[in-house]
Amino acid sequence: MLLPYSFYARDTRLVGQELLGKLLVHKGKEGVTAGIIVETESYMGSNDPASHAARKKTPRNFVMFEEPGISYVYFIYGNHYCFNVVAHVEGIAGAVLIRALEPFLNIKLMMKRRKTDRVLNLTNGPGKLAQALGIERGQNGLSLIKSGLYIEDIGIKTKGIIKSSRIGIKEGKDLLYRYYIKQSPFVSVQ
DNA sequence: GACCAGATTGTCT
DNA sequence: GACAATCTGGTCA
């Protein structure tokens with residue numbers, strides 16, 4: 001089942017947790033790739049100092065203020081893209097960073113894009129999974145309900161969700177907005 | 001396996 | 001001009 005608009009139009013932290021176990025699919029020119037989400041981080045609006053949306057709207061972060069259910073892709077460290085899902089209740093900003101996947105469909109194409117044949121090294125980090133699925137600048141702002149980039153519920157029941165501090169940030173470390181599946185070998189860091 | 005430095009560019013102050 | 005929601009490859013063990 002394709003996740004509907006109503007799934008995304010809720011508290012960003014709740015969406016971050018409920019995205020675990022869902023299937024992220026990207027139909028690109030080279031083929032379809034997909035992976036099961038095993039690690040996420042939620043970023044809120046003005047009340048979250050670690051968020052891109054903590055201050056005012058800019059050309060880069062404005063997508064986080066737009067309607068829920070669209071993608072937010074940004075370029076970081078001169079090398080990498082990070083894929084986020086815009087999710088928040090009406091009137092505020094927020095997005096969920098997808099940090100790790102378990103490869104599910106077309107692992108061969110992921111290996112080609114990532115230039116490695118180690119399955120455990122394909123999608124265990126935000127920059128890695130964007131590369132493996134072929135997500136970059138052109139995928140910013142796409143509708144996750146009406147485009148070839150979307151998320152499905154395939155009936156996986158998750159158990160053992162860990163909450164922890166987010167990775168790679170300076171402020172807001174006291175907030176436990178990182179969620180991952182405890183027993184998954186595909187998370188970026190335990 | 002642990003630790004560390006270097007890559008590389010868009011974005012905002 | 002500083003620096004970032006990261007990754008890789010080096011060294012040492």
Side-chain angles (χ1 to χ4, degrees), chain A residues 8 11-17 19-20 24 26 33 35 37-66 68 70-88 92-103 110-142 144 149 151 161-181 184-190:
Chain A
Y8 301 105
D11 187 287
T12 311
R13 291 160 294 197
L14 180 64
V15 175
Q17 292 168 65
L19 278 173
L20 296 175
L24 172 61
H26 183 216
T33 43
I37 298 168
V38 297
E39 180 181 349
T40 64
E41 282 177 5
S42 293
Y43 288 87
M44 313 294 285
S46 55
N47 55 346
D48 180 358
S51 174
H52 288 171
R55 299 164 195 242
K56 61 183 179 183
K57 241 190 258 193
T58 69
R60 180 209 202 189
N61 71 12
F62 81 96
V63 176
M64 284 184 74
F65 296 82
E66 297 283 301
I70 61 177
S71 67
Y72 171 42
V73 179
Y74 63 87
F75 185 69
I76 192 72
Y77 294 120
N79 286 312
H80 311 286
Y81 292 98
C82 290
F83 170 71
N84 299 248
V85 173
V86 175
H88 53 80
I92 58 173
V96 178
L97 170 67
I98 309 300
R99 285 193 56 88
L101 303 173
E102 175 173 341
M110 293 191 200
M111 287 177 170
K112 181 185 160 199
R113 285 173 173 154
R114 290 272 304 121
K115 295 181 172 48
T116 177
D117 55 4
R118 292 176 50 217
V119 176
L120 279 171
N121 196 33
L122 290 178
T123 53
N124 61 332
K128 296 180 185 181
L129 74 88
Q131 186 181 20
L133 294 196
I135 294 171
E136 44 183 274
R137 190 178 315 281
Q139 274 66 48
N140 188 35
L142 289 185
L144 300 175
L149 178 63
I151 303 177
I161 294 177
I162 306 284
K163 299 179 185 180
S164 76
S165 180
R166 291 169 291 183
I167 308 291
I169 57 169
K170 284 185 174 173
E171 298 181 272
K173 287 183 178 175
D174 53 319
L175 301 170
L176 303 182
Y177 290 173
R178 172 173 176 250
Y179 315 105
Y180 63 94
I181 296 176
S184 175
F186 295 97
V187 301
S188 59
V189 282
Q190 288 286 348

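Since the structure is predicted, the reported quantities are computational estimates derived from the model, not experimental observations. Lettering of chains follows the sequences in order, A, B, ..., and the numbering in each one begins at 1.
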Given DNA chain B, 5'-ward residue of the pair A:Arg137 and A:Asn79, judged by closest heavy atom:
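Its nearest nucleotide being more 5', the pick is A:Asn79.
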
Distance-only donor-acceptor check, side chains [X] and [Y], under 3.5 Å:
X        : Y        : result
A:Arg60  : A:Tyr74  : no
A:Arg13  : A:Ser42  : no
A:Lys57  : A:Asn61  : no
A:Ser188 : A:Glu39  : yes
A:Gln131 : A:Arg113 : no
A:His52  : A:Tyr72  : yes

Start at the 5' end of DNA chain C and walk down; is the nucleotide closest to A:Lys170 or to A:Pro126 reached first?
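Of the two residues, A:Lys170 wins.
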
Base, sugar-phosphate alone, or nothing: which one does [X] contact when heavy atoms must sit under 4.0 Å apart?
X        : result
A:Leu97  : base
A:Arg166 : nothing
A:Phe75  : sugar-phosphate

Base-paired stems in DNA chain B, each at least three Watson-Crick or G-U pairs under 3.5 Å:
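Paired runs of 3+ in DNA chain B: B:1-7 with C:6-12, B:9-12 with C:1-4.
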
Face-on cation placement of A:Arg137 at A:Phe75 ring, 6.0 Å and 45° thresholds
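Yes, A:Arg137 lies over the aromatic ring of A:Phe75.
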
Please confirm whether A:Arg99 makes a cation-pi placement over A:Tyr180, using NZ or CZ under 6.0 Å from the six-membered ring centre and within 45° of the ring normal.
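No, A:Arg99 does not lie over the aromatic ring of A:Tyr180.
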
salt_bridge(A:Lys112, A:Asp117) N-O dist < 4.0 Å:
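Between A:Asp117 and A:Lys112 there is no salt bridge, as every charged N stays at least 4.0 Å from the carboxylate O atoms.
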
So A:Phe83 and A:Pro126, do their side chains get closer than 4.5 Å, heavy atoms only?
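Answer no - side chains too far apart.
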
Below 4.0 Å from chain A heavy atoms, what is the first contacting nucleotide of DNA chain C and what is the last?
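Endpoints of the contacted stretch of DNA chain C: C:dA4 to C:dT8.
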
Interface limits on DNA chain B, where chain A has a heavy atom under 4.0 Å of a nucleotide atom:
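First and last nucleotides in contact are B:dA7 to B:dC12.
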
Which residue in the set A:Ile37, A:Val15, A:Val86 passes side-chain contact (heavy atoms from CB on, under 4.5 Å) when paired with A:Val96?
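Of the listed options, the one satisfying the test is A:Val15.
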
